[in-house]
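Some notes on the structure that comes next.
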Amino acid sequence: MRARREAIAVPLVVATWNVNSVRAREARLLAFLERSRPDVLCLQELKTEDAAFPLEAVTRLGYHAAVYGQKTYNGVAILAREAPADVKRGMGDGDADPQARLIEARVRGVRVISAYFPNGGEVGSEKWAYKLAWMEGLRAHLAATAVPGEPFALCGDFNVAPEDRDVANPESWKDTVLCHPDAREALARIAASGFEDAFRRVRPEPGLYSWWDYRMLGFPKNDGLRIDHVYATAPLAARTAAAEIDRNERKGKQPSDHAPVLVTFQD
DNA sequence: ATGGTTGCTTAGCAA
């Protein structure tokens, strides 16, 4: 039996970017939208409540926004050129997590999630346990809400570098929260529920990173990791045509410590 | 083990 081909309007450009405070990054966010014009942009680490999100400014550029903000920490959003539908904040009923780390919407027939996975602090800490539990909770949530054959883009700051080729200096990052085998295994279990790393489908080469620590000259030394991802279910992943990381966005004055990741889906 | 930097909030936490 042939897999059902969902009607997806393509080309579709899906981007994800941890902005590390949407207020501190407003000018850069607007410049990025004008420059790249993604159809969908998933944001993480807004670090502000909904009321302080620059809604008018993004609206002027032709974007709609579904926002799940939080004071000081976390906060996620989905911006889209078409109005997002079926917006859901958190992982649904019974999700008691007070941290705003996940928002979902339907855009142009595609289910989209913007997720800010927990960093994990130090391996063995309470934050580490929270990270692994959160990831297992996401896996269970995805399994419980999965619709067979549905085009679905799971995007965000996963705070996991899936493989050593995603790390400039794997030895120095070995067994840290971003590279630990338990975190990689937790991500693999999420992927096993029907997702593929769309970026790697078309960009297998090493040397591609999305985050560089502000400290220790991370960016000047290119001590980077690829921890921001666009995962997609088969109907979408099969259409992956191009992927890039906007490394230039990490340059200049007052950058986020993350660069935007963009994936183009096309028939 | 600590350091180094940035953002939010104003001393300390989170990343």
Side-chain angles (χ1 to χ4, degrees), chain A residues 16-32 42-55 57 67-77 90 97-103 114-135 138 155-162 166-180 182-184 186-187 209-229 245-261:
Chain A
T16 186
W17 188 17
N18 178 324
V19 289
N20 186 19
S21 169
V22 73
R23 285 176 290 163
R25 225 66 63 202
E26 178 175 344
R28 278 184 176 263
L29 169 62
L30 299 177
F32 172 75
C42 294
L43 297 174
Q44 301 86 37
E45 278 209 89
L46 305 180
K47 293 188 170 181
T48 187
E49 293 167 305
D50 291 12
F53 186 89
L55 187 59
V67 180
Y68 184 25
Q70 180 182 334
K71 180 181 169 67
T72 310
Y73 305 116
N74 309 309
V76 287
D97 191 346
Q99 303 190 31
R101 293 186 175 275
L102 188 137
I103 189 169
S114 176
Y116 176 43
F117 288 37
N119 171 282
E122 298 289 329
V123 171
S125 67
E126 277 187 26
K127 287 177 189 168
W128 173 244
Y130 170 67
K131 176 179 192 165
L132 296 179
W134 191 94
M135 292 178 74
L138 176 60
C155 311
D157 175 1
F158 289 18
N159 268 314
V160 181
D166 300 309
V167 187
N169 299 296
E171 278 309 309
S172 64
W173 290 91
K174 181 179 167 61
D175 291 340
T176 64
V177 292
L178 304 180
C179 300
H180 194 279
D182 291 354
R184 287 176 168 175
L187 179 55
Y209 314 119
S210 65
W211 174 81
W212 300 258
D213 202 315
Y214 284 129
R215 300 164 292 187
M216 303 298 286
L217 301 173
F219 189 68
K221 290 156 72 174
N222 196 28
D223 184 15
L225 294 87
R226 195 178 67 93
I227 59 175
D228 299 270
H229 304 294
I245 297 174
D246 186 358
R247 195 176 187 282
N248 286 332
E249 182 52 53
R250 184 63 174 77
K251 300 176 181 174
K253 296 179 68 170
Q254 286 192 290
S256 169
D257 44 354
H258 297 252
V261 177

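Residue numbering restarts at 1 for every chain, and letters A, B, ... go by the order of the sequence lines. The basis for the numbers below is simple: all heavy atoms, side chains too, and nothing from hydrogens, waters or symmetry mates.
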Worksheet item: Taking the C1' atom of each, how far is B/dG4 from B/dA14, in whole Å?
Response: 15 Å
Practice prompt. Could you tell me whether the side chain of A/Asp50 and the main chain of A/Gly69 form a donor-acceptor pair under 3.5 Å?
Written response: yes
Worksheet item: Given the P atoms of B/dA1 and B/dG7, what is the spacing between them in whole Å?
Response: 30 Å
Fill in: Whole-Å P distance, B/dG3 and B/dG12
16 Å
Worksheet item: Between the side chain of A/Glu249 and the main-chain N/O of A/Pro260, is any donor-acceptor distance below 3.5 Å?
Response: no
Practice prompt. Could you tell me whether the side chain of A/Arg23 and the main chain of A/Ala52 form a donor-acceptor pair under 3.5 Å?
Written response: no
Worksheet item: How far, in whole Å, is B/dC13 from B/dT2 if one measures between their P atoms?
Response: 14 Å
Discussion item. Please encode protein proximity along nucleotides 7-15 of chain B as a string of B, S and -, counting only heavy-atom distances under 4.0 Å.
Written reply: SSS----SB
Worksheet item: Taking the same atom, C1', in B/dT6 and in B/dA11, what whole-Å distance lies between them?
Response: 16 Å
Fill in: A/Thr16 side chain to A/Gln44 side chain, donor-acceptor N/O pair below 3.5 angstrom
yes
Worksheet item: Looking at residues at least two apart in the chain, or sitting in another chain, which of them share a ring-ring contact (aromatic ring centres under 6.0 Å, His included) with A/Phe117?
Response: A/Trp134, A/Phe158
Worksheet entry | A/Ser210 side chain to A/Ile227 backbone, donor-acceptor under 3.5 Å | yes
